2 protein chains.
Amino acid sequence: MKPSTSIQDYLKRIYELTENGLPASTNDLARELNVRPASVTGMIQKLAAEKPALVEYQKHQGVTLTSAGKRAALEVIRHHRLLEAWLVQTLGYSWDEVHEEAERLEHVISEDFERRIAAALGNPTRDPHGELIPTADLKMPVDDTTPLSSLRASQSATIQRVVAADPNLLRHLDSLGLTPGIQIEVIEYSEFDNNLTVKVGRKVNVLGLNITTKIFVEIQK
Amino acid sequence: MKPSTSIQDYLKRIYELTENGLPASTNDLARELNVRPASVTGMIQKLAAEKPALVEYQKHQGVTLTSAGKRAALEVIRHHRLLEAWLVQTLGYSWDEVHEEAERLEHVISEDFERRIAAALGNPTRDPHGELIPTADLKMPVDDTTPLSSLRASQSATIQRVVAADPNLLRHLDSLGLTPGIQIEVIEYSEFDNNLTVKVGRKVNVLGLNITTKIFVEIQK
DNA sequence: CTTAAAATTTAGTCTTACCTAAATAATTTT
DNA sequence: AAAATTATTTAGGTAAGACTAAATTTTAAG
Ligand SMILES: [Mn+2]
Ligand SMILES: [Mn+2]
Ligand SMILES: [Mn+2]
Ligand SMILES: [Mn+2]
């Protein structure tokens with residue numbers, strides 16, 4: 001049976017919070033899901049009791065996904081990211097507007113709908129923010145991008161991915177031309193404040209750590 | 001506040017069942033909603049108690065929509081029919097496949113999404129089955145079509161609307177070329193079985209009442 | 001190592017939207 | 001007009017998923 005919308009949201013957040021290899025804490029989940037910690041404990045216990053279990057859970061030790069849970073999470077994430085790509089491509093949404101809409105649609109589209117938009121988009125590998133889209137057989141491709149913050153003077157790169165949810169930040173980056181697919185070149189690095197001076201097209205901008213750690217690039221050889 | 005998915009479905013069904021001018025019965029609603037009559041009574045009482053009331057209800061006398069209820073129903077119907085049109089246009093769904101998908105999406109799309117697809121489609125007035133789409137300000141246009149069953153020999157007409165939910169019937173009609181926008185001409189009428197012999201393109205078919213009462217046309221002057 | 005603070009879990013409620021079984025009302029049949 | 005049938009409502013439950021308040025554990029500080 002297909003998990004409820006609530007369960008899908010829990011699994012998706014657990015996936016995201018455990019990408020660093022560590023279990024997700026009750027509090028972190030509560031914050032991400034806009035729900036009280038007590039509710040999270042209740043849901044986690046339920047997910048751990050499902051057959052097959054969707055999460056691995058030890059009291060007070062946080063929670064991780066089982067393989068069944070991970071599969072269900074990737075299913076939702078695939079829907080979400082394909083939807084974002086599709087809303088941008090076919091309805092002219094901007095990348096700061098798509099998230100909310102995809103957040104609701106992801107739970108109700110059919111597998112047929114999923115196949116149709118994937119095909120219509122040419123089976124894209126990244127969403128409008130550059131996040132990798134899980135494949136049709138629910139494997140997450142490995143991301144080999146590098147944070148812009150680790151580049152130094154004279155290095156050139158292509159922006160692959162921007163990790164930001166805040167629409168204001170996204171619009172700001174858009175206005176600077178810092179979007180996936182764009183070529184950039186690092187002009188200067190300041191070791192005191194970690195600022196990077198970056199050339200984008202013919203414009204040059206000085207970017208702080210708060211921005212350069214959120215942009216992931218592929219370095220030019 | 002936006003009504004729940006359940007309430008939206010109740011209001012939509014009540015709208016449809018009361019289009020003939022009569023109140024909708026508990027049993028009919030239960031059948032349409034795949035729910036038990038007792039559940040319908042419960043929900044109806046709740047909808048009648050809302051402020052403002054969404055339905056008018058007298059015990060044992062059936063239920064009708066208030067103006068607030070009708071507005072909420074038209075909102076859902078507009079979503080449904082725009083979605084159907086859009087799924088057919090942009091994702092290549094056939095008219096027998098769209099209904100189910102739209103039935104789920106209608107509850108979760110934003111008003112922004114609604115505006116975008118309406119604009120992308122050129123503000124269409126009918127969905128793929130020819131059903132009228134409520135306007136953006138939630139008025140239902142008047143339908144002035146005539147059932148094909150009432151035409152007689154030598155009359156010509158354009159198909160406007162096909163009232164059928166059964167995918168098999170829809171596919172059959174599609175195979176006969178009986179779809180909205182198509183020109184037809186009545187060759188012969190049989191008063192014994194009410195069959196109509198109809199020319200569609202260069203093909204001629206004999207259609208029974210079960211089909212001719214489901215096809216609505218605009219008669220050529 | 002003991003205490004204070006923070007995180008987590010338990011216990012008990014609430015709301016929504018269903019259900020079944022039983023009671024009542026309305027409609028048909030005889 | 002009474003009896004039988006059908007439709008509808010009431011009463012009492014269940015399941016999901018949230019919440020608050022209180023109890024317990026874990027972690028951090030002194
Ligand atoms: Mn979601
Ligand atoms: Mn899927
Ligand atoms: Mn429909
Ligand atoms: Mn709307």
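We name chains A, B, ... by the order of the sequence lines, and we start the count at 1 in each one. Note that the structure is a prediction, hence the values are computed from the model and not measured.
- For the OP1/OP2 pair of dC18(C) and a distance below 4.0 Å, the side-chain nitrogens and oxygens of Arg36(B) include no atom meeting the criterion.
- Atom pair Leu47(B):CG and dC18(C):P shows a separation of 11 Å (rounding to whole Å applied).
- Annotation for Val55(A) and Ile44(A): closest pair CG2-O, 3.8 Å, computed over non-hydrogen atoms.
- Proximity of Ser39(B) to the phosphate of dC19(C): a side-chain N or O atom is located under 4.0 Å from OP1 or OP2.
- Atom pair Asp9(B):CG and dA17(C):P shows a separation of 11 Å (rounding to whole Å applied).
- Spacing between atom CD of Gln8(B) and atom P of dA17(C) amounts to 11 Å, rounded to whole angstrom units.
- Backbone-only contact: Val35(A) has heavy atoms under 4.0 Å from sugar-phosphate atoms and none from a base.
- Remark: aromatic rings of His99(A) and His129(A) are distant, center separation not under 6.0 Å.
- When rounded to the nearest whole Å, the span between CG of Leu29(B) and P of dA7(D) equals 14 Å.
- Distances shorter than 4.0 Å separate some side-chain N or O of Tyr10(A) from OP1 or OP2 on dA18(D).
- Atom-to-atom, CZ of Arg31(B) to P of dT8(D) comes out at 11 Å; the value is rounded to the nearest Å.
- Contact annotation: Lys59(A) reaches the phosphate of dT10(C) (side-chain N/O to OP1 or OP2, under 4.0 Å).
- Rounded to an integer number of Å, the gap from Arg13(A) CZ to dG17(D) C1' is 17 Å.
- The side chain of Thr41(A) contributes an N or O atom lying less than 4.0 Å from OP1 or OP2 of dT9(C).
- Regarding contacts with the backbone of dA17(C), a side-chain N or O of Lys46(B) is found under 4.0 angstrom from either OP1 or OP2.
- When the C1' atom of dT6(D) is taken as reference, atom NE2 of His60(B) falls 12 Å away, rounded to whole Å.
- Ranked by how close their nearest DNA chain C nucleotide is to the 5' end, Asp28(A) and Pro37(B) are led by Asp28(A).
- For the pair Ser25(A) and dA7(C), the criterion of a side-chain N or O lying under 4.0 Å from OP1 or OP2 is not met.
- A residue-by-residue look at Asn34(A) and Gln61(A) shows that Asn34(A) has its nearest nucleotide of DNA chain D further toward the 5' end.
- Between Tyr57(A) atom OH and dT8(C) atom P there is a gap of 10 Å when expressed in whole angstrom units.
- Centroid-to-centroid, the aromatic rings of Phe113(B) and Trp86(B) come within less than 6.0 Å.
- Using a 4.0 Å heavy-atom distance criterion, Ser6(B) is classed as a sugar-phosphate-only contact.
- Counting non-hydrogen atoms of neighbouring residues, nucleotides and ligands closer than 6.0 angstrom, the NZ atom of Lys2(A) exceeds 12 such neighbours.
- Taking side-chain N and O atoms only, Asn27(B) has a distance below 4.0 Å to OP1 or OP2 of dT8(D).
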His107(B) and His79(B): CA distance, side-chain angles, deciding distance, ring pair (Phe, Tyr, Trp, His ring centres under 6.0 Å) verdict: CA-CA 8 Å; His107(B) 307 293; His79(B) 289 188; 8.9 Å; no

